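Report on the structure given below.
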Amino acid sequence: MTLSLKSRMVRHPGSNLWMSIFAMSFIDVLPAGLPDAQATARGSGSSQTTERIPPYDLAKEIQVQGTLEGIEPASTNLPIGTHILIQTAQGIVDAHLGNGRAASPNYLDLLTGESVTVRGMIESAGGKDIVLARILGTPNHVFILRDQYGIPVRGTAKTSSVGSNALKGGL
Amino acid sequence: MRSRTELPSLAAAALLTLTACGGGGSSATTPGHGNTVNAVTVYPASTSVPVNGIVKFTAFLPSATSTTFTWKVSGGGTIDGSTGLYTAPASVPSPASITVTATPAANASLVGTAIVNVTTTQGVMVGPAALAIPAGATQTFTATVNGAAVTPAWEVNGVVGGDAIHGTIDGSGSYTAPLTPPPTGSATITAVSGSASGTAMATVLFSDNSLNGPYAFSYTGDDGSGFLTVGGSFAAQGSTGTISNGVEDGASIGSGPSKQIQFSGTFSVNPDGSGTATLGGGAIWKFTLTSNQQGGAAQMGLLVRFDNTATGSGTIDAQNPAFLTASAFSGNYVFGVSGTDQNGSPLAMAGRFSADGVGTIPANSAEEDINLGGTNTMSTPDKSLQGSFALDSTFGGSNGRGTVTLKSTDSAVLGNSNGSFEYAFYIVDDTHLKVVEIDGNAFLEGDFYSASNTPATGTFTAATALPTGNYAFTLGGSSGNGPYAAGGVFVANGGSGAGTSGSITGGVLDVNSGGVQIRIGSSLTSSSYNADMSLGRILLPLTVNGGSTANFAAYRAAYNTPNGPVELLEMVELDPNQVASGIAYPQTSTNALGGGYALDLAGIANVKGGGAVEQDFIGRLATLGGTSLSGTLNINNFALTTTTPNVPLTTGSTIAGTDSNGRGTLTLNTNVAAPVALAYYVSDNGVLLLETDSTRVANGVLNKQF
């Protein structure tokens with residue numbers, strides 16, 4: 001199945017940012033290679049290994065379309081951040097939207113029961129497979145949640161080392 | 001409960017299937033319910049006094065700073081139950097060690113203890129024989145020989161009349177404590193009369209006097225819009241507990257930049273160096289001070305914004321009034337700034353430039369590395385950097401404020417129109433300026449450090465750009481999993497001769513990516529680093545287990561402290577899948593910790609009902625011998641707009657010893673939160689922290705207080 005979205009300007013609620021979203025086509029599931037499953041430990045919670053983390057790869061993106069079943073703005077689900085649960089014909093998919101205000105349900109104006117489309121890459125971590133959502137489509141908006149490298153936009157992560165900064169002047 | 005099953009392999013699947021329910025998180029970080037450890041602190045905690053000697057005790061309960069205490073003694077001597085004034089017995093008891101207890105009226109279930117070792121009489125009896133004295137306060141000592149008053153020569157730590165570090169004493173025995181605790185926290189007062197002498201011990205406690213003079217500050221955090229930067233300067237009057245002459249700049253993603261906002265306020269400092277400042281407009285800070293080891297007021301402090309309108313972590317640094325001039329901004333500097341661009345993409349930059357002390361940052365003597373949302377300068381650093389600066393006409397001389405513009409015409413990463421950044425700067429001294437962007441083009445905060453410890457342009461080698469040694473570092477930023485933090489230690493061999501290539505020969509890398517990909521103990525294997533001969537930029541690859549490589553640009557600098565210069569490397573990661581930056585320090589000591597420490601821990605947490613939002617911890621910890629810790633934390637859980645002050649550590653709080661990389665483990669147990677962090681030992685004065693549980697992605701620091 002292919003979903004076509006017309007070119008439009010998408011306004012990020014609560015900001016003056018406007019983002020041009022050009023015509024794009026989605027297919028339900030793009031060819032998807034497996035993330036490096038060996039790099040993560042299977043089990044509940046986080047994974048603790050010594051391997052490097054696989055990078056986000058546009059070539060491994062998939063698309064998920066379904067009904068928004070649940071919104072978990074902050075749960076014990078990992079990665080840290082907002083997760084949505086999408087009911088598909090095959091089951092429920094857990095998608096990570098990112099962290100911070102840009103990924104908050106209110107900011108995105110998400111409503112359970114509405115149709116959503118997510119494009120992103122699957123990450124296997126903590127014993128689960130999660131879709132790291134790069135693009136989220138709702139009936140009224142298309143949101144760019146991650147850049148081409150998979151990094152959340154407006155993720156509000158500390159972009160410097162607080163610890164290092166805190167040592168400044170103290171040694 | 002919703003029922004889900006895990007996603008199966010998608011290698012052959014065309015469609016996604018069910019995912020697993022609930023779960024996640026780590027029980028390892030579930031807050032504990034242990035017993036509070038040393039919630040009440042008694043000063044002095046232990047002392048020796050001669051028979052009939054007098055001790056003036058003080059007790060402190062962080063959660064009730066004005067509470068009274070009930071004092072008791074067991075083992076010998078008497079104590080005033082309300083004042084804590086203890087008098088040793090007339091003869092040495094058996095055993096000679098006695099116990100003093102203090103029970104706070106605010107919570108009778110808590111108790112603090114102190115130990116007094118009673119000794120034989122001294123040639124000169126000094127009274128009081130021991131006491132706790134607030135920084136900057138005065139105490140008159142008396143001296144007697146065989147019960148008769150004498151006029152001795154008075155010494156403090158062996159120096160007649162004393163000194164600024166340990167306090168001063170005049171001929172009449174009037175002792176004035178230093179403005180911050182001296183090394184070890186106490187001073188020895190000696191009375192010399194003829195061939196006889198006697199001593200007393202003064203335990204110096206932090207007080208309002210410890211925060212005095214001009215300070216620069218900066219922090220980054222969240223005001224609900226997603227990102228907040230603030231930098232400024234103020235004057236503290238320790239004698240009155242007031243803040244005046246305050247001015248700050250900053251920017252919020254929600255409201256844009258704000259410039260030259262003036263403020264005033266009040267503050268108080270507790271005996272352990274923790275404190276609170278209440279500023280006009282409703283901003284509240286929690287801070288923890290560290291001593292000035294050359295005497296004088298506190299040289300720096302860790303800071304957390306602690307109100308319901310914002311959170312954030314940063315530092316307070318004493319400004320040197322002699323350098324609050326444009327001419328102080330002269331020479332070679334290294335900078336590191338980070339934040340987001342105008343669209344919210346994470347942005348980190350580090351580089352080097354020269355300033356002429358007049359107003360120009362010339363072209364052709366500067367370069368920088370940039371990572372904007374993964375697009376970076378790995379292939380070619382930006383050498384188009386130049387700029388200008390000026391001291392502010394209003395707040396320059398008083399606050400060391402000015403503005404500096406750094407311009408780049410290299411559009412490879414920043415695009416054609418985004419290469420200009422105007423910052424407000426606040427001078428700490430000629431080796432350190434705090435900067436915060438004020439033009440609204442992006443939202444950046446950081447520091448400039450002197451690079452006078454590096455060679456002149458065009459003469460760098462591997463050995464001078466990155467000398468031989470072990471370097472401890474932490475990084476913070478963003479990855480595909482959201483918040484990202486890393487830490488580690490790398491070993492550089494400095495290359496050989498005049499060559500510009502050296503080797504990383506070992507070390508360790510630890511990563512916490514989104515709380516879900518926690519990679520602990522990845523060995524660093526051999527890799528080669530290269531120094532740019534012209535400006536000293538280091539292209540620093542860190543290779544994990546002989547496989548994948550994380551790439552960094554690093555720039556060497558140093559700043560001055562009362563203990564001498566501190567070297568560092570500003571680091572920015574140049575990989576597309578992480579935007580991160582931080583600082584590496586030469587690892588000069590991996591000795592076990594001892595004494596009191598200021599703590600800051602900040603990062604992004606999953607908070608049920610509140611979202612994934614910044615959380616900031618500030619506190620004061622004390623080692624108890626072995627690996628055990630006591631102390632108190634203040635936590636700004638901004639996701640729920642909840643500030644929780646005075647959270648005591650409970651049993652099981654420890655800092656474990658170091659491994660071969662100088663890496664230990666910090667475990668903090670409280671009834672509110674229980675972070676676990678790797679501790680990278682830097683020196684006898686500091687440790688870097690990387691939280692390694694899945695509750696939050698955070699890093700931090702422990703700074704020795706004295």
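In this text the structure is predicted, and so the values were computed from the model without any measurement. Below, each value reflects all heavy atoms present in this structure, side chains not excepted, and no hydrogens, waters or symmetry copies. Proteins get letters first, then strands, A, B, ... in listed order; numbering begins at 1 in each.
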Open item on the list: Consider side-chain contact (heavy atoms from CB on, under 4.5 Å). Of L85(A), L108(A), T112(A), which one does I71(A) pass it with?
Closed with: T112(A)
Open item on the list: Any donor-acceptor pair under 3.5 Å linking the side-chain atoms of N106(A) with those of S104(A)?
Closed with: no
- [ ] Examine whether an atom of T431(B) lies under 4.5 Å from a heavy atom of chain A, and if so say whether it belongs to the side chain, the backbone or both; otherwise answer neither.
- [x] neither
TODO: Specify which of T375(B), L303(B), D341(B) makes the most heavy-atom pairs with chain A at under 4.5 Å.
DONE: T375(B)
Open item on the list: Tell me which one of N481(B), V697(B), N577(B) satisfies side-chain contact (heavy atoms from CB on, under 4.5 Å) with S513(B).
Closed with: N481(B)
Task: N545(B) (side chain) donor-acceptor with G547(B) (main chain) under 3.5 angstrom - done: no
Task: Portion of I151(A) that has a non-hydrogen atom of chain B nearer than 4.5 angstrom - done: both
